[in-house]
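Shown next, in structure tokens, is the structure this report addresses.
We count ligands from 1, going down the list as the structure has it; atoms in each ligand are counted the same way. Just so it is clear, the model here is predicted, and its values are computed rather than measured.
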Amino acid sequence: MFKINQNYQKLPGSYLFSTIAQKVSAFTASHPDKEIIRLGIGDVTQPLAPAVIAAMHQAVDEMGNAATFHGYAPDLGYGFLRDAIAEHDYKSRGCAVSPDEIFVSDGAKSDSANIQEIFGQENRIAVCDPVYPVYVDSNVMAGRTGDYDSKAETWSNVIYMPCTMENGFVPEFPKETPDMVYLCLPNNPTGTTIPKAKLQEWVDYANKVGAVIIYDAAYEAYISEPDVAHSIYECEGAKTCAIELKSFSKNAGFTGVRLGYTVVPKELKCGEVSLHQMWARRHGTKFNGAPYIVQRAGEATYSPEGKAQLREQVAYYMKNAAAIKNGLKDAGYTVFGGVNAPYIWLKTPGNMTSWEFFDYLLEQANVVGTPGSGFGPSGEGYFRLTAFGTYENTLAALKRIQEL
Ligand code: MLT
């Protein structure tokens, strides 16, 4: 008789955003007349930039011609895209990342879930609390997290770094020494971040204790303050301790297109073993490359017109962020984030739990958000709203919340 991966049995409930989608479907089925505004999952609403569309059209035409047709993509990514990434995301910021350290993929969600595969079972992970659930869930599936305590909502073999109002949502170095540290900056879900000098301390710490940092920079394009690093490789010594994950979903509106990349520096080694070679081996075996059309779309985001159009798109969403943040403040809410990230993190009013506030908002204002406790126990009593809606819906949602 076949056996299943028992680790899956340990996972509590369903994936956070699937649970929310189910709740919203149930509500809409029983209230078909209500117009729901969705500010829950961080899904973009603006159309692809014209430069991206033009590149995709051209790539489609190439695919329709035998002379310019493309079959399997190179498994690590086309040279034209890796070169553009190295030039615009790294060289221009003074980071020495070469094109062959960049692994193009179908998005940062898969990479953030898959990267743990190249690490030993016995590694201890450290995560911020609250945290993007994929990091923990993927380690649960791999059997690295120990047992689940349903009361505390924690795993016995995970080191949690609470990020709360009291510490300004900044993770502190854990008392126990981790082997792998997941950092998402600017942060999902709290929308906060840390200055570059603080990130440098994390790099120094990781190099000192021999830990690897899995650095999720998916929201980098939303940074507005000058002292915040856009890449961990802006920090001295990061190439010997950090893997960086990047996404086109949020900076270029590719949530439905699917494109991302991971940087695994050649200097990153465990003894004599190169993690770069391991990830290349993994990619080669398990991945057949992001589609040609999509990689050409990605390349177009780095053209002068593509960059200008995407700056406008980011500004559009950050206008939403400012509107939510200021509007909620005016209504008496305590709010965080929204300055370097498209997420607003608010304290739930009264003594409502995160899920109570979710239900209240859904039922009374027909607005969907994300309960903070879904991201971890320290998220209890908080709530996340995304700035990725349309401006009109954002203002309408805000008005409904203010009128509660
Ligand atoms: C979120 O809402 O946290 C993100 O959209 C999820 C993701 O990027 O996978």
Inset, instruction - Using distance alone, decide if ligand 1 has a nitrogen or oxygen within less than 3.5 Å of any nitrogen or oxygen in D43. - result: no
Inset, instruction - Sorted by first residue and then second, give each salt bridge (charged side-chain N to carboxylate O under 4.0 Å, His left out) pair with at least one member in residues 151-170; sequence neighbours left out. - result: none
Legend entry - Geometric N/O contact Y15 with ligand 1, under 3.5 angstrom: no
Legend entry - Where ligand 1 meets N188 - atom numbers and elements under 4.0 angstrom, heavy-atom basis: 1 (C), 3 (O)
Inset, instruction - Using a 4.0 Å heavy-atom cut-off, say whether I41 meets ligand 1 through its side chain, its backbone, both or neither. - result: both
Inset, instruction - Scan side-chain atoms only and decide if E234 and S231 contain a donor-acceptor pair under the 3.5 Å cut-off. - result: no
Legend entry - Residue and atom name of the nearest protein heavy atom (relative to atom 5 (O) of ligand 1), distance in Å to one decimal: K250 NZ, 2.8 Å
Inset, instruction - Identify, by atom number and element, the atoms of ligand 1 in contact range of G42, meaning under 4.0 Å from any of its heavy atoms. - result: 1 (C), 2 (O), 5 (O)
Inset, instruction - Would you please indicate yes or no on a ring centroid separation below 6.0 angstrom for Y219 and Y343? - result: yes
Legend entry - Lys/Arg N to Asp/Glu carboxylate O, R296 vs E299, below 4.0 Å: yes
Inset, instruction - State whether a side-chain donor-acceptor pair under 3.5 Å links Y302 with E87. - result: no
Inset, instruction - Answer with yes or no whether the side chains of Y148 and K10 bring together a donor and an acceptor at under 3.5 Å. - result: no
Legend entry - Y135: partners by side-chain hydrogen bond (donor to acceptor under 3.5 Å, both in side chains), with sequence neighbours left out: D216
Inset, instruction - Identify, by atom number and element, the atoms of ligand 1 in contact range of Y343, meaning under 4.0 Å from any of its heavy atoms. - result: 1 (C), 2 (O), 3 (O), 4 (C), 5 (O)
Inset, instruction - Go through ligand 1 atom by atom and flag the ones less than 4.0 Å from a non-hydrogen atom of Y132. - result: 6 (C), 7 (C), 8 (O), 9 (O)
Inset, instruction - Check each atom of ligand 1 against the heavy atoms of F17 and keep those under 4.0 Å away; list them by number with element. - result: 1 (C), 2 (O), 3 (O)
Legend entry - Mode of F388 contact toward ligand 1 - side chain, backbone, both, neither (heavy atoms, under 4.0 Å): neither
